[in-house]
**Q** 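Before we start, here is the structure in question, set down as structure tokens.
We count residues from 1, following the sequence as given.
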Amino acid sequence: MDLTQRRIEIATALFAGWSSGNPDAPEPYFHPEGVLMDVCSGTFEGWPAIRAYFASALARSQDLRRVPEGFWSRADGLAVHYVMSGPVANPATFGAEHVGRTWQVEVVSLLTFDGERVILERDYHDRGARARSLGIAP
């Protein structure tokens, strides 16, 4: 198996972990000293900080999904296009009338690998896309 295919397998397993509802599921695919940088939420350094961030996201949307739709190989990793979605769980987020409705956001992630694990994940998406997908904002 070539390196690109192996990285796609690891990335697919990582995103399945992100979609599992279990804040520990991505850990085998993420380097313990890894960094997650999210354009809207900030930078999280080391697995404990990444796990805490992910656990807080699950509290806001328990059925969070990250479904990869395309991969592009780079010398040090992959670029991944995926759709992130989840139901509104907290009425304070978008209003009680939207609880249970599913939002979705298109995301591009740049994954850098250190061997068999992701050491850097940079996520790029539009902060207002969730509200727009619910028809709240133009």
Side-chain angles (χ1 to χ4, degrees):
M1 172 183 316
D2 75 356
L3 182 59
T4 297
Q5 188 57 42
R6 179 64 184 137
R7 287 176 172 170
I8 289 171
E9 287 180 0
I10 294 166
T12 299
L14 172 65
F15 280 80
W18 290 135
S19 299
S20 71
N22 175 354
D24 295 309
E27 183 178 16
Y29 312 103
F30 220 97
H31 192 283
E33 296 172 14
V35 176
L36 188 146
M37 298 168 54
D38 182 276
V39 69
C40 295
S41 300
T43 299
F44 307 91
E45 297 182 23
W47 177 250
I50 294 167
R51 185 202 183 280
Y53 164 66
F54 183 47
S56 72
L58 289 174
R60 291 189 307 273
S61 193
Q62 289 110 5
D63 194 22
L64 186 64
R65 297 282 175 239
R66 294 180 178 184
V67 180
E69 294 190 340
F71 299 93
W72 295 266
S73 180
R74 306 173 329 151
D76 63 349
L78 298 171
V80 183
H81 172 258
Y82 66 94
V83 175
M84 178 171 54
S85 63
V88 176
N90 184 341
T93 306
F94 294 111
E97 67 276 18
H98 296 291
V99 169
R101 292 188 58 209
T102 299
W103 53 265
Q104 74 174 35
V105 176
E106 290 195 46
V107 184
V108 171
S109 285
L110 302 178
L111 304 179
T112 303
F113 285 80
D114 180 4
E116 294 274 310
R117 290 182 161 191
V118 172
I119 193 151
L120 175 61
E121 178 177 333
R122 292 176 284 175
D123 297 337
Y124 299 94
H125 54 98
D126 178 356
R127 181 183 295 277
R130 290 180 201 174
R132 281 194 302 282
S133 75
L134 293 168
I136 297 170

**Q** Testing the basics here: between P23 and W47, what is the closest heavy-atom pair and its distance to 0.1 Å?
**A** O-CZ2, 3.5 Å

**Q** What distance do S133 atom OG and R101 atom CZ have between them, rounded to the nearest 0.5 Å?
**A** 8.0 Å

**Q** Would you mind listing every salt bridge (charged side-chain N to carboxylate O under 4.0 Å, His left out) that reaches into residues 25-45, with sequence neighbours excluded?
**A** none

**Q** Which word best sums up how the rings of Y53 and F44 line up, parallel for under 30°, tilted for 30 to 60°, or perpendicular for over 60°?
**A** parallel

**Q** Look up atom OH in Y124 and atom CE in M37, then write down how far apart they are to the nearest 0.5 Å.
**A** 5.5 Å

**Q** Does the pair Y82 and V67 meet the rule for a side chain to side chain contact (heavy atoms under 4.5 Å, CB included), with working shown?
**A** CA-CA 5 Å; Y82 66 94; V67 180; 5.7 Å; no

**Q** So which atom in G100 and which in P87 form the shortest heavy-atom distance, rounded to 0.1 Å?
**A** O-CB, 4.0 Å

**Q** Just how far is it from atom CG of L78 to atom CD1 of I10, taken to the nearest 0.5 Å?
**A** 9.0 Å

**Q** Using a 3.5 Å cut-off and no angle test, enumerate the donor-acceptor pairs between side-chain atoms of residues 109-118 and protein atoms at least two apart in sequence or in another chain.
**A**
residue, atom, partner, partner atom, Å
S109, OG, D123, OD1, 2.4
T112, OG1, R74, NH2, 3.3
D114, OD2, H31, NE2, 3.4
E116, OE1, R6, NE, 2.8
E116, OE1, R6, NH2, 2.6
R117, NE, P28, O, 3.2

**Q** Heavy atoms only: give me the nearest L64-F54 pair and the separation to one decimal.
**A** CD2-CE1, 4.1 Å

**Q** Does the side chain of F71 come within less than 4.5 Å of T4's, by heavy atoms?
**A** no

**Q** Out of curiosity, H98 NE2 to T93 OG1, how far, rounded to the nearest 0.5 Å?
**A** 11.0 Å

**Q** Stepwise, does the side chain to side chain contact (heavy atoms under 4.5 Å, CB included) test hold for F30 with R51?
**A** CA-CA 10 Å; F30 220 97; R51 185 202 183 280; over 6 Å; no

**Q** Ignoring hydrogens, what is the shortest heavy-atom contact between H125 and C40? Give both atom names and the distance.
**A** CE1-SG, 3.6 Å

**Q** So does W103 get a backbone contact from the side chain of R130, meaning a donor-acceptor N/O pair under 3.5 Å?
**A** no

**Q** Looking at L14 and P26, what are the two nearest heavy atoms and their distance?
**A** CD1-CB, 3.7 Å

**Q** For L58 and G21, work out which heavy atoms get closest and say how close.
**A** CD1-O, 3.5 Å

**Q** Once you round to the nearest 0.5 Å, how far does CZ of F15 lie from CD of E121?
**A** 5.0 Å

**Q** Tell me, please, which residues at least two apart from D126 pass salt bridge (Lys or Arg N to Asp or Glu O under 4.0 Å).
**A** R132

**Q** Has the side chain of S19 got a donor or acceptor atom that lies under 3.5 Å from a matching backbone atom of A16?
**A** no

**Q** Are V80 and V35 in one and the same hydrophobic cluster, where Ile, Leu, Val, Met, Phe, Trp and Tyr link if side-chain heavy atoms are under 4.5 Å apart?
**A** no

**Q** Nearest 0.5 Å please: distance from the CZ atom of R66 over to the OG atom of S20.
**A** 10.5 Å

